[in-house]
Amino acid sequence: MSSVMDLQIVNGGQTTASLARAKIKDASKANLSKIFVQMKLTVIDDEKQKEELVPQISQYANTQNKVNMSDLSSNHGYHIKIEALSRKIWAPPHDKAVSWTPNNAKLGYRETLWFYERSRGQYDEMLNKQSGVHKLKYPKYQLFRKTDLAKYMMVWETDEPKWVNMGAQKNFGKFMDSIGLSWGKNSFQDKVNELYCSGIIKLDNC
């Protein structure tokens with residue numbers, strides 16, 4: 001194996017993170033030279049099957065843990081695009097916000113960014129890596145998740161808001177049914193832009 005593209009860990013993230021943390025934080029004491037982790041490698045060559053197969057691999061490889069519908073859709077193109085767009089949209093100065101700088105200097109109010117959590121625990125993982133600057137740049141009150149997005153869109157953009165009352169996961173499943181039908185159309189993908197994402201954020205503030 002000479003190279004890997006778009007490698008994803010399914011049902012092994014905690015093990016991988018623990019080994020990496022031990023190596024990075026305490027390299028002098030953590031001798032990992034004799035540590036071996038058994039793995040199964042699945043190679044998907046067909047890009048068209050990727051969005052369908054990856055969630056199924058996640059679902060059937062996690063039978064010992066509860067897997068939410070929202071977890072299985074993390075790598076859908078729609079959520080990847082919303083994540084990228086959310087990192088570009090600035091929020092107006094807020095009375096809770098302070099300036100973020102490399103030195104964490106509190107110099108007054110400043111604009112901050114939104115954080116769309118595409119995969120569960122992504123926000124906390126980001127804070128663990130660079131808690132000071134990132135906590136100021138991406139404040140928690142500007143965090144929104146996939147189930148939040150589905151709730152906003154089902155209430156305001158569809159004629160079936162009743163699904164919101166059926167629980168976050170059922171509502172998310174219904175929302176993804178509609179996204180699945182639309183995402184293959186280039187016209188819809190073009191529609192998912194900064195203006196579209198800004199509309200979602202406005203709903204978050206309603």
Side-chain angles (χ1 to χ4, degrees), residues 3-13 40-63 65-90 113-123 125-126 138 142-206:
S3 64
V4 177
M5 289 182 60
D6 196 17
L7 178 66
Q8 299 176 32
I9 299 173
V10 178
N11 197 22
K40 176 175 66 176
L41 181 64
T42 303
V43 179
I44 303 175
D45 294 321
D46 190 340
E47 285 293 323
K48 293 181 179 179
Q49 291 185 335
K50 187 176 178 181
E51 289 185 2
E52 179 181 351
L53 287 178
V54 170
Q56 290 180 356
I57 293 171
S58 299
Q59 180 178 3
Y60 296 114
N62 281 282
T63 54
N65 298 316
K66 180 183 177 182
V67 180
N68 294 323
M69 175 64 188
S70 55
D71 296 330
L72 301 177
S73 301
S74 297
N75 295 307
H76 190 283
Y78 175 82
H79 298 294
I80 292 174
K81 193 167 185 180
I82 294 294
E83 176 189 34
L85 290 168
S86 75
R87 305 292 196 276
K88 299 177 182 178
I89 298 176
W90 293 93
L113 289 165
W114 295 86
F115 192 99
Y116 178 61
E117 190 173 70
R118 180 171 60 85
S119 57
R120 184 164 40 161
Q122 189 179 20
Y123 182 78
E125 182 182 347
M126 178 268 296
Y138 302 103
Q142 283 167 202
L143 162 70
F144 64 110
R145 300 179 171 88
K146 295 192 297 296
T147 50
D148 297 325
L149 181 152
K151 178 176 67 176
Y152 309 148
M153 298 302 283
M154 290 299 290
V155 168
W156 296 103
E157 299 293 327
T158 75
D159 57 359
E160 294 187 286
K162 63 182 181 181
W163 283 91
V164 175
N165 288 329
M166 298 183 186
Q169 295 304 319
K170 285 187 177 180
N171 179 66
F172 182 83
K174 185 66 176 178
F175 173 67
M176 284 308 299
D177 286 344
S178 65
I179 293 297
L181 293 173
S182 302
W183 189 247
K185 303 174 184 176
N186 290 332
S187 59
F188 181 73
Q189 293 189 27
D190 292 339
K191 177 185 174 182
V192 181
N193 51 28
E194 286 195 30
L195 182 62
Y196 178 95
C197 192
S198 295
I200 295 171
I201 289 169
K202 288 178 182 177
L203 296 177
D204 180 40
N205 285 295
C206 288

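Since this is a predicted model, take the numbers as computed values, not measurements.
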Would you compute the distance between atom [atom1] of [X] and atom [atom2] of [Y] and round it to the nearest 0.5 angstrom?
| X | Y | atom1 | atom2 | result |
| --- | --- | --- | --- | --- |
| N171 | K162 | CG | NZ | 12.0 Å |
| N165 | M154 | CG | CE | 11.0 Å |
| K174 | M153 | NZ | CE | 15.5 Å |
| W114 | S198 | CH2 | OG | 10.0 Å |
| W183 | Y78 | CH2 | OH | 8.0 Å |
| Q142 | Y123 | CD | OH | 9.0 Å |

Taking C-beta and beyond as the side chain, do [X] and [Y] meet within less than 4.5 Å on heavy atoms?
| X | Y | answer |
| --- | --- | --- |
| Y138 | L143 | no |
| I89 | I201 | yes |
| S74 | K146 | yes |

(message) For L149 versus F144, what's the shortest heavy-atom pair and its separation?
(response)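 Smallest interatomic distance, heavy atoms only, reads CD1-CE1, 4.4 Å.
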Side-chain polar contacts of residues 79-88 - donor-acceptor pairs under 3.5 angstrom, sequence neighbours left out - could you list them?
residue	atom	partner	partner atom	Å
H79	ND1	Y116	OH	2.7
K81	NZ	Q189	O	2.6
K81	NZ	V192	O	3.1
E83	OE1	R118	NE	2.7
E83	OE2	R87	NH2	3.4
E83	OE2	Q122	NE2	2.5
S86	OG	E83	O	2.8
S86	OG	Y116	N	3.3
R87	NH1	Y116	O	3.3

(request) Take I179 and F188, measure what side-chain contact (heavy atoms from CB on, under 4.5 Å) needs, and give me the verdict at the end. (result) CA-CA 9 Å; I179 293 297; F188 181 73; 3.8 Å; yes
